[in-house]
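In what follows, a structure is listed as structure tokens, so that the remarks can point back to it.
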Amino acid sequence: MSTRKKASPSKPSAPASAAPSRRAPSAPKTSSMGLDEIKSLIALVGKEPFQEFEFEAGDMKFRIRKDSIHAPAPQVTYSPAQSATPFGSPVNHLMASAQPAPVQAAPLAAALSPVPLDEPGIHYITSPIVGTFYRSSNPSSPSFVNPGDVVRPGQTLCIVEAMKLMNEIESDISGEIIKVLVENGQPVEYGERLFAARVG
Amino acid sequence: MSTRKKASPSKPSAPASAAPSRRAPSAPKTSSMGLDEIKSLIALVGKEPFQEFEFEAGDMKFRIRKDSIHAPAPQVTYSPAQSATPFGSPVNHLMASAQPAPVQAAPLAAALSPVPLDEPGIHYITSPIVGTFYRSSNPSSPSFVNPGDVVRPGQTLCIVEAMKLMNEIESDISGEIIKVLVENGQPVEYGERLFAARVG
Amino acid sequence: MAAAIKRRVVRQPAPLSEEPPFKKVLIANRGEIALRVILACKELGIQTVAVYSEADRNALHVRFADEEVCIGPAPSAKSYLNIPQVIAAAEVTGAEAIHPGYGFLSENAHFVEVCQACGINFIGPNPEIIRKMGNKAQAKATMLEAGVPLMPGSDGVVETVEEALVTAEKIGYPVIVKASAGGGGRGMRICNNPEELPDMYNTARSEAKIAFGDDAVYMEKYLLEPRHIEVQIMGDLYGNIVHLGERECSIQRRHQKLIEESPSGAISPELRQRICDMAVKAARAVGYYNAGTIEFLLDKRGDFFFMEMNTRVQVEHPVTEMVTGIDIVKEQLRIAAGQRLTFTQEQVVQRGHAIECRINAEDPWKFTPCPGRITALNFPGGPGIRVDTAMYQDAVIPPTYDSMVAKLIAYGNNRNEALARMRRALDTLVIEGVKTTAPLHRKIMDHPDFISGGFSTKWMETFMEEVEAERKAEG
Amino acid sequence: MAAAIKRRVVRQPAPLSEEPPFKKVLIANRGEIALRVILACKELGIQTVAVYSEADRNALHVRFADEEVCIGPAPSAKSYLNIPQVIAAAEVTGAEAIHPGYGFLSENAHFVEVCQACGINFIGPNPEIIRKMGNKAQAKATMLEAGVPLMPGSDGVVETVEEALVTAEKIGYPVIVKASAGGGGRGMRICNNPEELPDMYNTARSEAKIAFGDDAVYMEKYLLEPRHIEVQIMGDLYGNIVHLGERECSIQRRHQKLIEESPSGAISPELRQRICDMAVKAARAVGYYNAGTIEFLLDKRGDFFFMEMNTRVQVEHPVTEMVTGIDIVKEQLRIAAGQRLTFTQEQVVQRGHAIECRINAEDPWKFTPCPGRITALNFPGGPGIRVDTAMYQDAVIPPTYDSMVAKLIAYGNNRNEALARMRRALDTLVIEGVKTTAPLHRKIMDHPDFISGGFSTKWMETFMEEVEAERKAEG
């Protein structure tokens, strides 16, 4: 799945430092240590110039990770097959948002998005092909799905037209559609997010 | 003063990534530690220039990681007047050592040097000019100074000849000459270390 | 336009001396050639669309195009070779034409047909030409008919000594007798005259029998120190075909060109005239248009033989551009838009000398690919140096595609000046993080054979043996 | 050699087509011009010695020289301008000759004398020529004597209306009357004919009196939209002097050139002949040798006037190299070694068009210097682009020296092609970490005046007013 956020404002020239582990914090099962004590620990760590703090005692375990503006953008990860963003500031780039709102630079657009990116339990259905996105089989038909609809694997969600062929895009999960991410009739690229769904 | 060690073997272009985790050795296994003790440990770690701190005692375990971006590798510093080494490996460079020993790459030569570099209490007398280094006023005269000699400020240590002029180089400290770093008759550049002396 | 297809801030186009041949062109390629086409488009005022695989998200051709479309995952078959995705990308961006670069879909006649069916202008010749020239047998038959010299040989197996003698007489000595089932030098004999032929013929047959269990042999002309000489051709839609002189591409390893130059030191003005005229004749025989290359093998004695035609721009096109001053890629775009050639044969002048070194991310002595991250980079500059590359410091060379990092092109008023410039260009080239073939090139530039120009397509083999021996001696 | 003077592994010099003019040359400069000279030396098989200040320890000219000598701390006066240190560096390394580049010691006659006294070959003309051309009054007197046109004017103060009328008649209208004590436009009047002169003359005097308490005025020819045109000269030690055509350098800000081209669009072939012949005449008058430049102001009507002579290589020499194919720096080295010019006047042909943009580390609109670390870098490549620079990603531009980051040179078969290439070169240039003037250049490349070639030395002022107004309008 492609996040489509290309250039982070800071130059990620040092991938080694840019790949922090991101684990969801374990739920604190309090035992030997009381809640107040944990709180005071957390407060202390917050004051210190730490990036990460892991703590384990008995069956209790917690981990703190700060993401300051100094820290590399969390969405940027590198795999060997992926190269670094070519040069830092995307000064020449604009990203047209799906909304008719004025065009927004990528990071800003992301910040304004009502759907939090990569939230646990949220699944994105992406386009397997390049083409034009249609929500219904023809202009007079109703949309295949709307936010709020519960979908099953294999259910048709939309059509991506390419080379005069109408390609039905099917759901790969069971869940509830919470947002349609592309406007009807708009072009989409490979890996582009079409729908956000809550799995379940 | 110029150190004359130009190229470090690793490229200092990514200071952040150049700071591998340098873990403090784990504390000996003393068991159950109170909250105050943990706090004091945390506070201590915050003050020390560590990147990571891991602690394990009995069933308690914690790990602190500081943001490496805030703390670039200590050996790499940039001053406005100094630029980064142009590219990493000095593959094309050789540095002829002052000894008649085979030529050595710079870092290796430094490692072999019997005089520790920048040791506390050691002062280097450097050449203020480019020219040819002579230890005596003429070939039949004795050297101005020899290792073991105690010198005073203003005392002539050697001659650097440039443009047919014999420039007497004077000591800028009181102390004992412990090593002559340049062979008689050899060219020296601006800022080049000529003598190592023990101040006092 | 949706979020998918990012648009850059496009500057107000400046007044141009010529109308752009196209409004928007999609480049169905990656790496330096994709960037090269983008540069040509920019110079002509054409908007550009980059397509890219997920592995190339941060590639320079993506950065410098006006629009970009991700067309699939890293494997070429699923992205750069995926015709429906490429066509759909052109459709959704409204690109009028597709430049295929070299490799990938550039010589795929089916792709050209799909372009045509979708009303997209393919920047290259038509599918019939591509198909004809892509089929070895058909290409040879066409050339034979057009009177272009082919490598002489027997028609299949030579059954008897008498037939061998007749055949040898027909194709001219020296000849080589080869086992039909053969390979690796066994069952192979070179004969210089009719006296030694009967013995050689029989020995070859017995060797073939022993080695392969089959004593069938065939015969071919044996080329003494052949050179790979190719001629750059350009033709428009109105039947105008011109050549842009020859390129010398004999420095090859396993049929991979390493170094190319123009002009060739092995060619006299008279021979140049003959070989270039023959190339134009060959192109005319297939009604060729757009850029193409006719490859010949040139014998020591000045005989040359058609090998194949490439119906696309070549990796080594810059050396021709440097000596002729003609921008081949811009001309390709103009031709595809239906414009006439902007120059006549008389206006094509080879001036000075150009050499190209292909710098690959490979071990310079073992040629094992070396993908990875570029940690430090300095490309040479100054007079007479051109660099065609899509690399930058911190870029990652993926293992998925070819290993070319950059093409270094040196130009001089004569070969010696070009050579001196290439040496100093290689001496001031810095690429760290991956191994490259630059040290190999630097060594070749100092070799007496290369300096004198006395080399054939077989030279690299000998040279690598020399290198190997040297390396062994050094421990 | 001691530890001080590091030696690089020097490759076995390859067989050369010409004997190196020198064995070893010291370059008494830094930045791109030091590297430029090193490249020329490398091409000629000459060993190089870099000198550097402590601020330039990691500079590319140090990296690519064969030997390097630290000659002092960052301030130029203590390093690059420190004659004893430079000479001592040549002595200890055994350099036979010193190339001064431009700036620093390049026009210091005393330095040349010291070189001579120490038996070191200075790559440039002799101290007498440098001294003569370095002194404005003496240079003008020499040129007057040689019949080179000077800017006409009064001999000092003009005392009466009658004298003003006579002087104006002599120098030709329009004339400018200027307060001797003046400045800032006050006490300054432009007169187009004898009718308006008496009034203008008197007004100027009264204004001068009020403004400066001194009513003395002098007169000069007033140039309509003057252009800065300069002619590249090369001469050898045997009295051969040739010109390499002209350069157009009218795009200047506060007498700092920003953009240079060759040829000039304002010059007809006939005028070119006249102005270039005059430049040769001027050079001959002082017995000039090595590379030099005669700068003229060219009037709208085709009259031109001697401004000054630069007795060294110019920043903008690459545009001449691009159109003539002559390597000026290599030729300088050959001349200094006593070789004859390798070409005759007849062999010098201006072919195509070249434009140079000086990219400075400055705010593009306010021109405040912006030293700092370069965090990302991409120099343009491809056909027709030359980059002269000593920058690299991660380099630090010290505040101590001039702010030039790179010279971008675009070549094309004609001005339009060169312009298109410069545009796309600027569009694919990436310099991050410091501000540069690249956006200013990009804007100029799109301006109708620049495109049409209709500009004078006064143009930048108007252009910057336009820019300012635009920026204000945008908020």
Query raised in the report: Shortest non-hydrogen contact from Val130(B) to Ala88(D)?
Result: O-CB, 3.2 Å

Requested in this report: Considering only heavy atoms, give the residues of residues 152-160 of chain B separated from chain D by less than 4.5 Å, sorted numerically, with 'none' for an empty result.
Outcome: none

Query raised in the report: Is there a side-chain contact between Gln85(D) and Met163(B), using heavy atoms and a 4.5 Å cut-off?
Result: no

Requested in this report: Apply side-chain hydrogen bond (donor to acceptor under 3.5 Å, both in side chains) to Asn29(D) and list each qualifying residue two or more places apart in sequence or on a separate chain.
Outcome: none

**Report entry** side-chain hydrogen bond (donor to acceptor under 3.5 Å, both in side chains) partners for Ser140(B), two or more places apart
**Finding:** Asn138(B)

Query raised in the report: Applying a criterion of heavy atom separation less than 4.5 Å, what residues of residues 105-120 of chain D form contacts with chain B?
Result: Val114(D), Cys118(D)

Query raised in the report: Using non-hydrogen atoms only, which part of Pro371(D) is less than 4.5 Å away from chain B: side chain, backbone, both, or neither?
Result: neither

Query - side-chain contact (heavy atoms from CB on, under 4.5 Å) assessment of Lys78(D) paired with Tyr190(B) - result: CA-CA 11 Å; Lys78(D) 294 184 173 174; Tyr190(B) 172 85; over 6 Å; no

